[in-house]
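Nothing here was measured: the structure is a model prediction, and the numbers come from that model. Every number for a ligand or one of its atoms is a count from 1 in the order of the listing.
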Amino acid sequence: MSIRPIYLDCHATTPVDERVVAAMLPYFTEYFGNPASISHVYGWEAEAAVKQTREILAAAINATPEEIVFTSGATEANNLAIKGVAEVYFKKGQHIITIATEHSAVLDPCNYLKTLGFEITILPVKKDGLIDLTELEKAFRPETILVSVMAANNEIGVLQPLAEIGEMCHQSQIIFHTDAAQAIGKIPLDVQGMKIDLMSLTAHKVYGPKGIGALYVRRRNPRVQLAPQQHGGGHERGMRSGTLYTPQIVGFGKAVEIALAEQATETQRFTELRQRLWEQLSQLSGVHLNGHPQARLAGNLNISVEGVDGAALLLGLQPVMAVSSGSACSSTNTTPSHVLTALGHSPKLAYASVRFGIGRFNTEEEIDIVAKHAIATIQSLRNSAFVNLGSRE
Ligand SMILES: *Cc1c(COP(=O)(O)O)cnc(C)c1O
């Protein structure tokens, strides 16, 4: 049997939508020009395509096309935002605030800056994964230059209150960066209404290609300055040199265009599928939902399971479904997820967790197969744990 497991790991990546692939293809062979070539039609064609994606992304977040800087993905966008701000504004202050549940692409640049002498405050989150706004306010100092809080969490799907954070940062004249890798195309984003100064985006979580992303950089009220992290030909207004990857950029634009057009119906459909899955799984005792029940991505269900071993659980699920465990983004499977431990879970319970990432191509039938198999796996592990109780605990 070479049937592959059902893909339910859409926070890790998504398949590229066929419509996106179709839009990209001519830009490999026919319209292959360098968008920076200004003296002939090959360059103009490529530049026109890049401009179109800039416009789509800008419209998606209520920015202007000049405020979009293309990068290789959200990791690079986060690095450019955080290190780029630190290098320009260090004379004003050397304090940065972020939260415990951020992606490593935010936490690690912050930790790097710490080695250079910056002070980093990593705020804890509440049990539901949400930031405590009074704690944020208390952390503000005269020397705070940047607050980085993600839009949607990649493990538990929790949506942070961006507008409230933006307002607070704006009042105190602190630059506000948000990692919106999981949010673009899935929830409404508005850099004006939410007073966001920097926003990281990526294509591959929203049915676009891997290896392309963008950083929104505010140009007015205030104008945010960034030190480039990659020097060269001066592309992207000097903020990110390197020949633009036209086919990927075209795919990014198409993916976001489709996601916006389908956002309302997909949100509805994913919510129903998630409910369907949760209604079945929650019939078992000792199964906990991780993260706020409402303030979360429609396609995210993250559970912790009492009375089972995390590694055994994932192993049992693997033949039927492609999901991630409570050690999601780390390469060693011995450290439990920093996101789940930030919710106050014991390492053991954090480790016995499963992230279901429902996406565009999942069906009700698949959800039922997954639910049935997950329940059977948990029950059988619990039964054998009971038999071996003396030796295990
Ligand atoms: C996937 C992801 C990233 C990394 O994005 P890449 O484009 O793969 O570099 C960063 N932050 C969050 C929240 C993510 O989900």
Side-chain angles (χ1 to χ4, degrees), residues 7-16 20 53 57 61 68-84 98-112 122 125 129-131 147-160 162 165 176-187 189 196 198-216 229-230 240 242 245 248-249 251-253 255-256 259 290-291 295-302 323-324 327-331 337-340 342 355-359:
Y7 190 78
L8 272 180
D9 203 12
C10 287
H11 303 298
T13 196
T14 54
V16 182
V20 171
T53 293
L57 295 181
I61 62 170
I68 303 296
V69 173
F70 288 109
T71 65
S72 62
T75 299
E76 188 191 338
N78 288 340
N79 273 270
L80 177 57
I82 295 166
K83 296 191 245 175
T98 187
I99 62 172
T101 52
E102 289 292 320
H103 193 275
S104 54
V106 165
L107 292 174
D108 286 358
C110 287
N111 287 330
Y112 167 71
I122 299 176
V125 293
L130 283 168
I131 188 173
V147 167
S148 182
V149 176
M150 70 202 318
N153 186 272
N154 47 297
E155 290 189 40
I156 53 178
V158 165
L159 309 177
Q160 299 294 352
L162 299 181
I165 300 168
F176 176 32
H177 166 249
T178 189
D179 176 351
Q182 294 286 347
I184 180 72
K186 300 188 188 127
I187 59 166
L189 292 171
I196 295 162
L198 296 162
M199 181 189 280
S200 301
L201 305 173
T202 192
H204 76 97
K205 310 279 173 74
V206 65
Y207 315 95
K210 294 171 187 56
I212 188 71
L215 180 65
Y216 154 75
Q229 301 300 302
Q230 181 159 303
R240 202 280 191 176
Y245 195 176
Q248 307 302 96
I249 290 172
F252 192 5
V256 169
N290 291 318
R296 69 192 301 138
L297 290 170
N300 177 281
L301 185 72
N302 190 310
V323 289
S324 279
S327 58
C329 285
S330 59
S331 46
S337 142
H338 70 281
V339 174
L340 297 175
R355 175 185 72 180
F356 300 94
I358 299 164

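Residue contacts with ligand 1: S72 is placed with no nitrogen or oxygen under 3.5 Å of a nitrogen or oxygen of the ligand (distance criterion only). Taking any N or O of E76, backbone or side chain, none lies under 3.5 Å from an N or O belonging to ligand 1.
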Exercise. Where do T178 and Q160 land on the side-chain contact (heavy atoms from CB on, under 4.5 Å) test, with the steps shown first?
Worked result: CA-CA 10 Å; T178 189; Q160 299 294 352; over 6 Å; no
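Between the CG atom in D179 and the CG atom in L215 there is a gap of 10.5 Å [rounded to 0.5 Å]. Taking CG from N290 and OG from S337, the interatomic distance works out to 8.5 Å, rounded to the nearest 0.5 Å. In this structure, I165 CD1 and M150 CE are separated by 11.5 Å, a value rounded to the nearest 0.5 Å. Atom-to-atom distance recorded for R355:CZ and I156:CD1 is 11.0 Å, nearest 0.5 angstrom.
Residue N154 has at least one heavy-atom neighbour below 4.0 Å for each of these atoms of ligand 1: 13 (C), 15 (O). In summary, the atoms of ligand 1 found under 4.0 Å from a heavy atom of T75, numbered by their order in the structure, are 4 (C), 5 (O), 6 (P), 9 (O). Contact atoms of ligand 1 toward H204: 6 (P), 7 (O), 8 (O) (distance under 4.0 Å to a heavy atom of the residue).
Looking at M150 against ligand 1, only its side chain comes within 4.0 Å, counting heavy atoms.
Considering each of G211, A12, G73, A74, the one bringing a non-hydrogen atom nearest atom 5 (O) of ligand 1 is A74. Residue nearest to atom 2 (C) of ligand 1, selected from K205, H11, E102: K205 (by heavy-atom distance).
When all heavy atoms of H177 and A81 are compared, the closest pair comes out as CD2-CB, 3.6 Å.
Ranking the protein heavy atoms by distance from atom 7 (O) of ligand 1 puts T202 OG1, 2.6 Å first. Of all protein heavy atoms, the one closest to atom 13 (C) of ligand 1 is D179 OD2, 3.4 Å.
The list of salt bridge (Lys or Arg N to Asp or Glu O under 4.0 Å) pairs with a residue in residues 69-82, not counting sequence neighbours, reads E76-R240.
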